[in-house]
Amino acid sequence: MEPVTLTTDRLLLRGVGPQDTDVVYSAAQDPEIQRWTTIPSPYLLEHAQSFTEQLVPEGWQNGSMFTFGVFLPEGELAGMLAITMRSLGVGEVGFWATKQYRGNGYITEATVAVSRWAFTRLSIDRVEWRAEVGNKGSRAVAEHAGFTIEGTLRSAINNKGVRRDCWVGSLLPSDLGLPSTAPYLPTQP
């Protein structure tokens, strides 16, 4: 699949490429991004080059990961967001926000837009969100985007060689008023 571009009221969501290497490298120097995500730490220029020149394009080409740069209309990078395919009909969203644009709702807005796109264009019936326990910013984004927090998974994330507990949540097409591609039979109390 070729990368797509999405727009919201305040954002331009597009694939990143070699032209974005320097801005991705600069943003990823933030200790908070390195602490709470699984990107390498220290984050070197060659990591950014591999990400923008290889990982992102290959993910789009083989349908394994759909990565969007979250840009303001003026062209400034506000964050990154990706949906990684985990199983048939299930994708996992991951994101980070640049330090200067945290707390503005940009990543929440991008999460809803990309999830809506995934539900309608990729035949996904569940978007999962996971974050290390304690990552309150990520949890706030998920909750504001409409995810149902389902619980805590023990030892479910490996971050830089350390097993950590994580929160897990989900967003279903019906949460956004969309139909599912397959019938859903929820558990009856």
Side-chain angles (χ1 to χ4, degrees), residues 8 10-59 64-84 86 91-115 127-145 147 149-169 171:
T8 70
R10 304 183 298 163
L11 302 169
L12 174 70
L13 310 171
R14 65 166 175 81
V16 293
Q19 74 278 10
D20 302 303
T21 298
D22 290 339
V23 71
V24 168
Y25 169 73
S26 179
Q29 297 310 301
D30 179 359
E32 290 297 302
I33 292 173
Q34 291 186 28
R35 163 60 183 96
W36 294 111
T37 70
T38 58
I39 69 169
S41 180
Y43 193 80
L44 307 175
L45 183 58
E46 51 261 32
H47 296 129
Q49 290 169 325
S50 175
F51 178 72
T52 60
E53 297 174 16
Q54 185 177 5
L55 190 65
V56 171
E58 287 178 3
S64 64
M65 184 172 65
F66 306 95
T67 303
F68 294 85
V70 179
F71 292 91
L72 301 179
E74 302 81 30
E76 294 182 65
L77 179 68
M80 297 296 301
L81 184 146
I83 297 222
T84 303
R86 293 295 182 213
E92 181 180 335
V93 68
F95 45 75
W96 52 257
T98 57
K99 186 175 186 174
Q100 65 270 32
Y101 294 117
R102 288 185 192 130
N104 293 302
Y106 294 136
I107 302 303
T108 299
E109 189 174 320
T111 299
V112 171
V114 172
S115 296
V127 174
E128 291 186 351
W129 159 85
R130 294 174 187 225
E132 183 180 330
V133 170
N135 189 343
K136 294 177 183 175
S138 183
R139 184 171 176 146
V141 167
E143 290 176 334
H144 286 109
F147 282 71
I149 306 304
E150 297 173 333
T152 301
L153 302 176
R154 297 182 314 149
S155 187
I157 291 179
N158 184 329
N159 190 348
K160 298 164 190 66
V162 178
R163 302 293 312 177
R164 301 168 189 264
D165 295 346
C166 76
W167 291 315
V168 64
L171 188 70

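Counting from 1, the numbers follow the sequence of the chain as shown.
Smallest separation of non-hydrogen atoms from Q54 and P57: O-CD, 3.4 Å. Between V24 and M80, the shortest heavy-atom contact is CG2-SD, 4.4 Å. Across every non-hydrogen atom of N135 and W36, the tightest pair is ND2-CB, 3.2 Å. The heavy-atom pair separating V16 from D20 by the smallest distance is CA-OD2, 3.3 Å. A pairwise comparison of heavy atoms in A110 and L11 identifies N-CD1, 4.0 Å as the closest pair. G91 approaches I83 most closely through the heavy-atom pair CA-CG2, 4.0 Å.
Annotation: cation-pi pair R14/F71 present, NZ/CZ under 6.0 Å from the ring centroid and within 45° of its normal.
For S50 (side chain) and E46 (main-chain N/O), no donor-acceptor pair under 3.5 Å exists by modelled atom type. Not a single donor-acceptor pair under 3.5 Å links the side chain of D30 to the backbone N or O of A27. Within the 3.5 Å criterion, the main-chain N or O of P31 finds no donor-acceptor partner in the side chain of K99. A donor-acceptor pair is defined here as one N or O able to donate and one able to accept, closer than 3.5 Å; such a pair exists between the side chain of T21 and the backbone of P18. With hydrogens and angles ignored, the 3.5 Å screen pairs a side-chain donor or acceptor of R102 with a backbone N or O of A97.
Residues F147 and R139 fail the side-chain proximity criterion, which asks for heavy atoms closer than 4.5 Å. At a threshold of 4.5 Å between non-hydrogen side-chain atoms, the residues Y25 and Q29 count as touching. You'll find the side chain of N159 reaches within 4.5 Å of the side chain of E132, heavy atoms only. Using a 4.5 Å cut-off on side-chain heavy atoms (C-beta onward), S138 and W96 make no contact. Side-chain contact between L13 and L81 is absent, with no heavy atoms from C-beta onward closer than 4.5 Å.
Counting non-hydrogen atoms of neighbouring residues, nucleotides and ligands closer than 6.0 angstrom, the NZ atom of K160 exceeds 12 such neighbours.
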| task | Might you work through the side-chain contact (heavy atoms from CB on, under 4.5 Å) test for L72 and R10, ending with a clear yes or no? | result | CA-CA 7 Å; L72 301 179; R10 304 183 298 163; 5.9 Å; no

| Would V93 and V114 satisfy side-chain contact (heavy atoms from CB on, under 4.5 Å), going step by step from the backbone distance to the final call? | CA-CA 9 Å; V93 68; V114 172; 5.9 Å; no

| task | Go through the steps for V70 and T98 under the test side-chain contact (heavy atoms from CB on, under 4.5 Å), then give the verdict. | result | CA-CA 10 Å; V70 179; T98 57; over 6 Å; no

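The aromatic rings of Y101 and Y106 lie perpendicular to each other, with more than 60° between the two planes, well past the 30° mark.
Summarising the geometry, atom OH belonging to Y43 is positioned 9.0 Å from atom CD belonging to Q34; distances are rounded to the nearest 0.5 Å. Atom CG of L55 is separated from atom CE of M65 by 3.5 Å, given to the nearest 0.5 angstrom. For the atom pair CZ (R35) and CD1 (I33), the distance works out to 13.5 Å, reported to the nearest 0.5 Å. In this structure, R130 CZ and D165 CG are separated by 12.5 Å, a value rounded to the nearest 0.5 Å. Going from atom CD of E74 over to atom CG of L12 covers 11.0 Å, rounded to the nearest 0.5 Å. Between atom CZ of residue R163 and atom CG of residue N158 there is a gap of 5.0 Å, rounded to the nearest 0.5 Å.
For the residue pair E109 and T8, a side-chain donor N or O sits within less than 3.5 Å of a side-chain acceptor on the partner.
Each of L171, V168, I149 was scored for a side-chain contact (heavy atoms from CB on, under 4.5 Å) with W129, with one residue passing: I149.
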